[in-house]
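Remarks on the structure that follows.
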Amino acid sequence: MATAWHLASRQRAPWRWIPPPGLVAEHGTAVRLTVRNPLSPLLDAGFVAACLERHFQPLFDEGFDAVLAAHYPGGVRFVVNERLLARRAATDGRAPLAIRLGRKRKPAAVGYLMRAGLPLPEDERGVAISTLGKVIKRGWDWLGLAPAVPEQVGGLIEVPGLAGSLTLNKADFIRAGPRGATYLAYRKALQEAVSTQLAAWGDAPDRTAEARRRARPLERDLQKVLVDLAEEFPLLATLVDQHAGGQKRLPTGRPGDADSGGPLFGATPAANVPEPRLSEATESSTPPPIPPPAAPEAGSTESPGAVRVPGGTGPRRPARYGLSIRFEPRPDDVELGRLIESTVWVNEAHPAYRRAVASRSEGYHLALTVAMVLAPLATEPQHAHAFVTTFLARWGEALDRRGSGPRRRRRDGR
């Protein structure tokens, strides 16, 4: 089958069916672009090669051959004007990262971080995430954390298992339903791996003392509110961290589901896995299914770095919130705030926020903002109002629970 498209405007691209022009002999996909401007950069071989290397960076880096060999057993090659584009060997000076599924030795995701003494070029800053060799997102916002000097740190992580969580346009990841839970669970594992490396460098995320002071009272209550609400709204469990030995369980599915329970991720240093050389072949166009998490063997114990998707089975663990609150001025935005990965950015230029500060009701405004920005993640649009009211009720009850605890003894013993 074949179709012909044309750009009627910047937003419209009408199309029609046409007889196949014979660009594909047996199977695969071919795309032919016809440009009107003879000086278009799309006709410049150097520009095309640079775009391919930027958007398919793992396929040009031999350090990713091991994790991609199962999906491209014959390898992938790029040819521009009958010139084969060269691939690069893994360079020194990079801190390797590896994410493993369950108890498997073979990494399910590999990557690296690098730190420079001077600001990196704009397109190399932040961490890029790719799946099956295609870079989907780049920067720090999608990861939900940033080092103290973000313009000097970059990296790339390849996660083949996230191919099933891509949106239709392949430019982002789904954040709702089972596929969204898979992406959020992977992202949490990547956060821990990246944070560990940043801490080893002494490059902790930048959190100003003023922002922490303003958000700390609400964040203490959020610790209890999010844990309680995660039982009723399972997708909120992706914003909750779990630690061994506690009393809370945060199910993201019904007990007995295939996706619930069992260790899913282990963030460990990259192992020295032999890297096979890739030969010439055609890319596979069908994403592989996401492998189910492996259940631990009887009597076995988890590694200290294991990251679990909260499920209805497994040992009880205490939980704490993984949500942070920051502030930014956006005078042209009518929204109270926005959620970027696991950070709520409060619009401090909003008239309602300024009124709340003036009337000393900033805490209530922050709680309302958090409830409104979490509603699209937690539930369907028609149930957003019920979620907001439930959130505020639990937030109010947190004050009662905090006040009902045992009083501290005075220093004089009375």
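Since we're looking at a predicted model, the values are computed, not measured.
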Could you report the tightest heavy-atom contact between [X] and [Y], atom names first, then the distance?
X	Y	value
Ser359	Ser361	OG-OG, 2.9 Å
Leu85	Leu52	CD1-CD1, 4.1 Å
Ala189	Ile99	O-CD1, 4.0 Å
Asn37	Leu43	O-CD1, 4.0 Å
Ser195	Leu145	OG-CD2, 3.2 Å
Ala163	Leu132	CB-CD1, 3.7 Å

Has [X] got a side-chain atom pairing as donor or acceptor with [Y]'s backbone, closer than 3.5 angstrom?
X	Y	result
Arg326	Trp345	no
Arg125	Leu120	yes
Asn81	Arg83	no
Ser40	Val35	no
Ser130	Val135	no
Thr3	Trp17	no
Arg115	Trp201	yes
Arg87	Leu59	yes
Tyr186	Gly161	no
Thr389	His385	yes

Please examine the side chains of [Y] and [X], heavy atoms only from C-beta on, and report whether any two atoms are closer than 4.5 Å.
X	Y	value
Glu328	Val346	no
Asp61	Tyr112	yes
Leu113	Leu97	yes
Glu151	Val149	yes
Arg12	His6	no
Leu162	Ile129	yes
Val194	Ile157	yes
Leu156	Phe64	yes

task: Would you mind checking if Arg394 and Glu232 are paired as a salt bridge, meaning a charged N to carboxylate O distance below 4.0 Å?
output: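 Yes, Glu232 and Arg394 are salt-bridged.
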- prompt: Can you list every pair that meets salt bridge (charged side-chain N to carboxylate O under 4.0 Å, His left out) and has a residue in residues 129-140, with sequence neighbours left out?
  reply: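 As it turns out, the salt bridge (charged side-chain N to carboxylate O under 4.0 Å, His left out) pairs with a partner in residues 129-140, which skip direct neighbours, are Lys137-Asp172.
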- prompt: So which pairs with a foot in residues 136-185 pass ring pair (Phe, Tyr, Trp, His ring centres under 6.0 Å), sequence neighbours left out?
  reply: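 Pairs touching residues 136-185 that pass the test: Phe173-Tyr183.
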- request: Take His365 and Leu336 through the side chain to side chain contact (heavy atoms under 4.5 Å, CB included) test and state the conclusion after the steps.
  value: CA-CA 9 Å; His365 180 88; Leu336 298 179; 3.7 Å; yes
task: Check the pair Glu53, Arg88 against side chain to side chain contact (heavy atoms under 4.5 Å, CB included), reporting the backbone distance first and the verdict last.
output: CA-CA 10 Å; Glu53 293 183 9; Arg88 299 182 296 272; 3.6 Å; yes
task: Name the orientation class of the two ring planes belonging to Phe56 and Phe78 (parallel below 30°, tilted from 30 to 60°, perpendicular beyond 60°).
output: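 Phe56 and Phe78: tilted rings.
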- prompt: Taking only residues two or more places apart in sequence, or in another chain, which ones meet Trp5 in a ring-ring contact (aromatic ring centres under 6.0 Å, His included)?
  reply: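 Counting only residues at least two positions away or on another chain, Trp5 forms a ring-ring contact (aromatic ring centres under 6.0 Å, His included) with Trp15.
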field: Worked verdict on Arg354 versus Glu348 for salt bridge (charged side-chain N to carboxylate O under 4.0 Å, His left out)
entry: CA-CA 7 Å; Arg354 298 200 305 267; Glu348 58 185 359; over 6 Å; no
query: Would Arg338 and Glu335 satisfy salt bridge (charged side-chain N to carboxylate O under 4.0 Å, His left out), going step by step from the backbone distance to the final call?
result: CA-CA 7 Å; Arg338 57 177 178 165; Glu335 298 294 335; over 6 Å; no
